[in-house]
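These notes concern the structure reproduced below.
Chain A is the first sequence line, chain B the second, and so forth, proteins listed ahead of strands; every chain is numbered from 1. Owing to the predicted nature of the structure, the values given are computational and were not obtained by experimental measurement. Reckoned from all heavy atoms, side chains included, excluding hydrogens, waters and symmetry mates.
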Number of protein chains: 2
Amino acid sequence: MPGRNIDEWIDRYLSVSFLVMKRGAALVKGSLCEEMTHDQYYLLRYIRRRGACTSTELAAMFGVNKSAVTAMTNRLVDKGWLRRDRDENDRRVIVLSLTEHGEAWVKEMDRSVYRLVEEVIARFPEEEIEAFIRTYERLARVLQEVEEAT
Amino acid sequence: MPGRNIDEWIDRYLSVSFLVMKRGAALVKGSLCEEMTHDQYYLLRYIRRRGACTSTELAAMFGVNKSAVTAMTNRLVDKGWLRRDRDENDRRVIVLSLTEHGEAWVKEMDRSVYRLVEEVIARFPEEEIEAFIRTYERLARVLQEVEEAT
DNA sequence: CCATTTTGTTCAACTGTTGAACTATTAGTA
DNA sequence: TACTAATAGTTCAACAGTTGAACAAAATGG
């Protein structure tokens, strides 16, 4: 009976994803400095990787309201980690990018977070890591598709 | 050079885990009713599965402060979904369990959340699902070990 | 030219979280 | 036994993150 199997997977997935989310967040937070929160670290990492981006992009990417992005970026600008620049081609748009200060802080935080994640990852065989991350990335794409279809 | 590989995995894992966390939460929230938040749904699910548990257990399990659990359970008790009972063998302890009302609501929410997750899961081959969830569960155990070792 | 759309902000209200101070109860020990 | 430790949970102020509605400014497209 295939339905049985699927319900079991769903149940296991829901349980474990919440657990890993909470425990993972707690561990990462323990590796960060007092000044930087978990969400701020990830958001800065995302903007760094993208080079620059807009509020609209961030809101769509992370599935939150634009006003949530404004609130978060306000705090990051206040701390001097993030810069807001008006786009001269389209003056409605505000381009977000890391300041040098922000780059340095994220790089610093990367050091301790990477050490932590490495400690975790080292306990898995290489093939398992590769397969897991690949499925995880595929899941991220599927979630975006499902969200767009709604 | 193996260090190169590990750093790439760490980077990919950090990026994708945040993305899936945010997008997944947004999707699940869309499947829930207005009255129940994402975190409340998962917490009620956990307590239901355990039958009954304490604040201390929840705090340890999810890596949060006990006062955070008090605040969350307060809201759930106010909504009539959760019950607090004093343990007569150890009167410091308060046992948390779902009310009938709570059971019914979680079961109701399960229906729409399961439908959503099924839609996502259906896009993956069975072996991939099974392997992914197994590694995920192993990750949850490793995170607990790492946290305990700290 | 003017209505519509897009981009981002402001605000009030809420959930989730921390950390310190607190109460009540139990356990350990001298 | 009596007193100190530890444990379980709550309270409180302060903060981060979130929503949703109302808003301003700028671009788009008839």
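Take B:Tyr114 and apply the ring pair (Phe, Tyr, Trp, His ring centres under 6.0 Å) test, not counting sequence neighbours, and it matches no residue. In terms of the side-chain hydrogen bond (donor to acceptor under 3.5 Å, both in side chains) criterion, residue partners of B:Arg111 (sequence neighbours excluded) are, by chain and number, B:Glu108. Legend: residues meeting salt bridge (charged side-chain N to carboxylate O under 4.0 Å, His left out) with A:Arg92, ordered by chain and number and at least two apart, are A:Asp90. Applying the salt bridge (charged side-chain N to carboxylate O under 4.0 Å, His left out) test to A:Arg138 and every residue at least two apart in sequence or in another chain returns B:Glu128. A:Glu130 is linked by a salt bridge (charged side-chain N to carboxylate O under 4.0 Å, His left out) to A:Arg134, B:Arg12, counting only residues two or more places apart in sequence or in another chain. Applying the salt bridge (charged side-chain N to carboxylate O under 4.0 Å, His left out) test to B:Arg123 and every residue at least two apart in sequence or in another chain returns A:Glu145. Taking A:Phe124 as the reference, nothing meets the ring pair (Phe, Tyr, Trp, His ring centres under 6.0 Å) condition, with sequence neighbours excluded.
Ionic pairing of A:Asp110 and A:Arg48 is present here: one or more N-O contacts between side-chain nitrogen and carboxylate oxygen are shorter than 4.0 angstrom.
A straight line from CZ of B:Arg84 to P of D:dG9 spans 10 Å, rounded to a whole angstrom. Per the geometry, CD1 belonging to A:Ile94 stands 9 Å off C1' belonging to C:dT9, to the nearest Å. Rounded to a whole Å, the CE atom of A:Met72 is 12 Å from the P atom of D:dT19. In this entry the distance linking CZ of A:Arg75 with P of D:dC15 reads 11 Å, nearest Å. The nearest whole Å value for the distance from the OH atom in A:Tyr41 to the P atom in D:dG17 is 15 Å. The interatomic distance linking B:Tyr42 (OH) with C:dG16 (P) rounds to 13 Å, in whole Å. The distance between atom CG of B:Leu82 and atom C1' of D:dG9, rounded to the nearest whole Å, is 14 Å. Rounded to whole Å, the distance from CG on B:Asp85 to C1' on D:dG9 is 15 Å.
Remark: C:dT26 base-pairs with no nucleotide; criterion is Watson-Crick or G-U wobble with both hydrogen-bond distances under 3.5 Å. D:dA5 is unpaired under the Watson-Crick or G-U wobble criterion, no partner having all donor-acceptor distances under 3.5 Å.
Between B:Val95 and A:Ala68, it is B:Val95 whose nearest contact on DNA chain D lies nearer the 5' terminus. Of the two residues near DNA chain C, A:Val93 and A:Lys22, the one whose nearest nucleotide lies more 5' is A:Val93.
With C:dG8, C:dT17, D:dT18 as the choices, the nucleotide that has an atom nearest any side-chain atom of A:Thr56 turns out to be C:dG8. Of all nucleotides listed (D:dT19, D:dA16, D:dT10), D:dT19 comes nearest to the side chain of A:Asn65. The side chain of B:Val64 lies closest to C:dT18 when the candidates are D:dT18, C:dT18, C:dT15.
Taking every heavy atom of residues 23-37 of chain A and every atom of DNA chain C, pairs under 4.0 Å involve A:Lys29, by number.
For C:dA24, the glycosidic angle deviates from 0 by more than 90°, giving an anti base.
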In B/S/- notation, 5' to 3', how is nucleotides 22-30 of chain D contacted by protein heavy atoms closer than 4.0 Å?
----BS---
For residues 21-31 of chain A, dump all side-chain donor-acceptor pairs below 3.5 Å to protein atoms at least two apart in sequence or in another chain.
unit_1: A:Lys22; atom_1: NZ; unit_2: B:Asp39; atom_2: OD2; d: 2.8
unit_1: A:Arg23; atom_1: NE; unit_2: B:Met61; atom_2: O; d: 3.0
unit_1: A:Arg23; atom_1: NH1; unit_2: B:Ala140; atom_2: O; d: 2.9

Identify every side-chain donor-acceptor pair in residues 62-77 of chain B under 3.5 Å, counting partners at least two apart or on other chains, and give the distances.
unit_1: B:Thr70; atom_1: OG1; unit_2: B:Lys66; atom_2: O; d: 3.3
unit_1: B:Thr73; atom_1: OG1; unit_2: B:Val69; atom_2: O; d: 2.8
unit_1: B:Thr73; atom_1: OG1; unit_2: B:Thr70; atom_2: O; d: 3.1
unit_1: B:Thr73; atom_1: OG1; unit_2: B:Arg84; atom_2: NH2; d: 2.9
unit_1: B:Asn74; atom_1: OD1; unit_2: B:Arg84; atom_2: NH1; d: 3.3
unit_1: B:Asn74; atom_1: OD1; unit_2: B:Arg84; atom_2: NH2; d: 3.0
unit_1: B:Asn74; atom_1: ND2; unit_2: B:Thr70; atom_2: O; d: 3.3

Short N/O separations, protein against nucleotides 10-12 of chain C, under 3.5 angstrom:
none

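Checked by atom type and distance alone, the side chain of B:Lys107 never pairs as donor or acceptor with a backbone atom of B:Gly102 at under 3.5 Å.
The aromatic rings of A:His38 and B:Phe18 sit perpendicular, their planes meeting at an angle over 60°, well past the 30° parallel limit.
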